[in-house]
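Notes follow once the structure below has been shown.
Side chains included, hydrogens not; waters and symmetry mates left out as well; all remaining heavy atoms used.
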Amino acid sequence: MNARTKTTSMLASVAVTLLVGVTVYAQTSPPSPYEVRAFTPAHPDLARSGGVPAQLANEEYIEALARLVYYWGYPSVDVMTRTSQWETMKQGPGTVLGIFPGGSVNTGGCLSDYMAPSQRMVVTPNNDTIYMSGFADLGREPAVIQTPTSVPKQHYWTIQIADVFTNVIHQIGSAAGTPGGKYLLVGPDWKGQKPAEFIDVLRMPTNVGWIAGRSFAAHTPEAKGEALAVLGQMRMFPLSQNQPGPQPVDCKAVARNAVFPPGLTAEMIAADPYAFRPEWVDPKTFWDGLEKVLAANPTVGPSDAAMADQARTLIALRKSDASYKDLLDRAALAADVSLHANSRYEQVGTDAGNGWQRQENGGVWGSDWFGRAQAAVIYIMVNDHREAIYFIRGTDAKGALLEGRNTYTMTFAKDALPPMDRSRGGFWSLTMYDKDYFMLANSPNGRTNIGTVSLDANELKFAPDGSLTITIANAPPADPVARANWLPAPDGQFALIVRAYVPTQSVQDGSYKLPNVERAGPSTVGVGATAGRQ
């Protein structure tokens, strides 16, 4: 065999080897889904760059779809990221950093007082109720939802059960007249029979859900004791841990189980509230986060199913080609900027009278992915709007941004306080938040809100004509009545919420109007004014 023949033989052998390799690859690597392959034009290499317009048009469609999917998926990535507490709290229910209730999978923790104003884990919490909270993965096993059997008359409590997208699926409690006992919370694929001890089966459209309980507490030790007695009966725990009869907990003991991530201490958090402020949705890793959401929740509700399919296609497309990965990652960054630009208290919702706004479908989002994403940014996990209405604002009566350097007043005429259904525990409050939608870490008079919690504690002073004027300012007012009704503001921009829990019909249909927020002038400290709690 001459050299040329040997060379030819070697090349033939190499060719056979390569062909075999190609054949093996084709057999072991399935093709991309049709929806992914269809984004490549059938004839991209037409003469004179004839395929370029089609490719650009396809990329424009992909980018537009990606930005929509970002809004749609944002709340679910937020919720899924928070389930990291399953590992942090794996030793049992307690409090993350000593300030936020949590537990392992299908387990809720509870607080022993209002949520600390210094916390920076969740935006816009209330300071009217004491919380319990936990995250469920019903794909692992069902969870037990225990409701209180001993509740004082007219005491407000609720357990809000939301899916991974923050859609409120079940809202049980005093407003709904929910009986005390146990309910079985199950995922979309659960098949079984209701255990004899359980009142009902509550089905969820997704495996992962967020369960949050609230028990009302006025600003008195007696009211807080009552709230904790009810809250200790409100629980979530795995079905495998169920025993006959009620299984209450001591929330004071649970709250003492404070768990800190490595490198953080209670002293560090006290010195700097922003020492732990998680970025629950990182746009740079959004698609990876969304893939985890869909892997944990292969089934979603009917309003989310079509978008879940689109999201899976984009995730597969991102993996198929580096250029598509770059395109989708840029689209996520752009969408995140847009979402946070429109998710501001001065912009969200529609007119509710006298400068206030509201999202009329709060908590019950359906296919309103835009509103749901905005809510996830500014006040994630709002209740079903039939349970609680949130009136928000970031401007004064003249449409100027609210600023701590000014003094504002809000006056309720005689007998014109927000009409709540007190027979079912209804209450209202006006709460102060800074520009990032957190409470003042160190309020000068210890107050972060004014409302039923203050009225029940006899803290406020009414005018001789029966009206109530709330003064909103950074500095304490000189007038003693104004100081008694003072809601401290930060020194910069701020925002306000009026919560209306168990609203009467006039609040629900909009015929009742909140008073406007009027600018009174620059905030000044009065001579001899004190900053003590009133």
Side-chain angles (χ1 to χ4, degrees), residues 75-76 79-80 82-94 101-110 131-149 157-173 176 178-214 231-249 254 292-305 308 363 381 383-384:
S76 68
V79 170
M80 201 72 196
R82 293 175 193 266
T83 63
S84 60
Q85 71 169 239
W86 289 336
E87 178 64 21
T88 305
M89 306 300 297
K90 62 184 178 182
Q91 299 303 321
S104 56
V105 180
N106 291 354
T107 304
C110 51
Y131 282 96
M132 64 86 72
S133 178
F135 295 89
D137 184 352
L138 304 171
R140 305 192 194 193
E141 69 168 302
V144 177
I145 302 297
Q146 179 177 280
T147 58
T149 56
W157 68 272
T158 188
I159 300 178
Q160 174 194 14
I161 305 173
D163 70 7
V164 74
F165 297 99
T166 70
N167 302 305
V168 180
I169 308 302
H170 304 284
Q171 186 99 41
I172 55 181
T178 304
K182 293 178 180 177
Y183 296 78
L184 190 64
L185 187 67
V186 303
D189 301 321
W190 181 81
K191 295 178 176 62
Q193 298 295 318
K194 176 176 70 68
E197 182 189 3
F198 287 72
I199 295 174
D200 202 356
V201 173
L202 306 176
R203 189 173 292 274
M204 294 288 284
T206 61
N207 285 329
V208 175
W210 190 348
I211 290 76
R214 300 166 174 87
L231 191 68
Q233 302 173 66
M234 298 161 54
R235 292 194 60 197
M236 176 179 71
F237 53 88
L239 178 60
S240 58
Q241 297 179 13
N242 185 49
Q243 299 174 5
Q247 295 175 232
V249 296
V254 170
K292 292 178 182 178
V293 169
L294 295 174
N297 301 276
T299 301
V300 299
S303 295
D304 292 301
M381 279 289 282
N383 291 283
D384 183 318

Exercise: identify the closest heavy-atom pair between [X] and [Y]:
{"X": "Tyr183", "Y": "Thr178", "answer": "OH-CG2, 3.3 Å"}
{"X": "Trp157", "Y": "Ile172", "answer": "CZ3-O, 4.1 Å"}
{"X": "Pro93", "Y": "Gly109", "answer": "CB-CA, 4.1 Å"}
{"X": "Ala296", "Y": "Val208", "answer": "CB-CG2, 4.2 Å"}
{"X": "Phe198", "Y": "Leu184", "answer": "CD2-N, 3.5 Å"}
{"X": "Asp163", "Y": "Pro205", "answer": "OD2-CG, 3.7 Å"}

Is the side chain of [X] donor-acceptor paired with the backbone N or O of [Y] at a distance under 3.5 Å, no angle test?
{"X": "Gln146", "Y": "Met236", "result": "no"}
{"X": "Thr107", "Y": "Val105", "result": "yes"}
{"X": "Arg203", "Y": "Gly187", "result": "yes"}
{"X": "Asp384", "Y": "His170", "result": "no"}
{"X": "Arg235", "Y": "Gly108", "result": "no"}
{"X": "Asn167", "Y": "Ile169", "result": "no"}

Interatomic spacing from [atom1] in [X] to [atom2] in [Y] - rounded to 0.5 Å:
{"X": "Asp304", "Y": "Leu294", "atom1": "CG", "atom2": "CG", "result": "10.0 Å"}
{"X": "Met234", "Y": "Ile159", "atom1": "CE", "atom2": "CD1", "result": "4.5 Å"}
{"X": "Ile145", "Y": "Leu239", "atom1": "CD1", "atom2": "CG", "result": "11.5 Å"}
{"X": "Phe135", "Y": "Ser84", "atom1": "CZ", "atom2": "OG", "result": "8.5 Å"}
{"X": "Thr83", "Y": "Met80", "atom1": "OG1", "atom2": "CE", "result": "4.5 Å"}
{"X": "Tyr131", "Y": "Leu231", "atom1": "OH", "atom2": "CG", "result": "11.5 Å"}

Side chains of [X] and [Y]: donor-acceptor distance under 3.5 Å anywhere?
{"X": "Thr158", "Y": "Gln171", "value": "yes"}
{"X": "Asn106", "Y": "Glu141", "value": "no"}
{"X": "Ser133", "Y": "Trp210", "value": "yes"}

Can Arg140 be said to sit on top of Trp190's aromatic six-ring, NZ or CZ under 6.0 Å from centre and within 45° of the ring axis?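 Ring-cation test returns no.
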Please test Leu138 against Val186 for side-chain contact (heavy atoms from CB on, under 4.5 Å), starting from the C-alpha separation and ending with a verdict. CA-CA 6 Å; Leu138 304 171; Val186 303; 5.6 Å; no
If you count heavy atoms of other groups shown closer than 6.0 angstrom to NZ of Lys194, is the number above 12?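 Result for NZ/Lys194: enclosed.
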Heavy-atom side-chain contact between [X] and [Y] under 4.5 Å:
{"X": "Val79", "Y": "Phe165", "value": "no"}
{"X": "Asn242", "Y": "Lys182", "value": "yes"}
{"X": "Arg214", "Y": "Gln160", "value": "yes"}
{"X": "Thr206", "Y": "Val300", "value": "yes"}
{"X": "Pro188", "Y": "Asn207", "value": "yes"}
{"X": "Val249", "Y": "Cys110", "value": "yes"}
{"X": "Ile161", "Y": "Leu202", "value": "yes"}

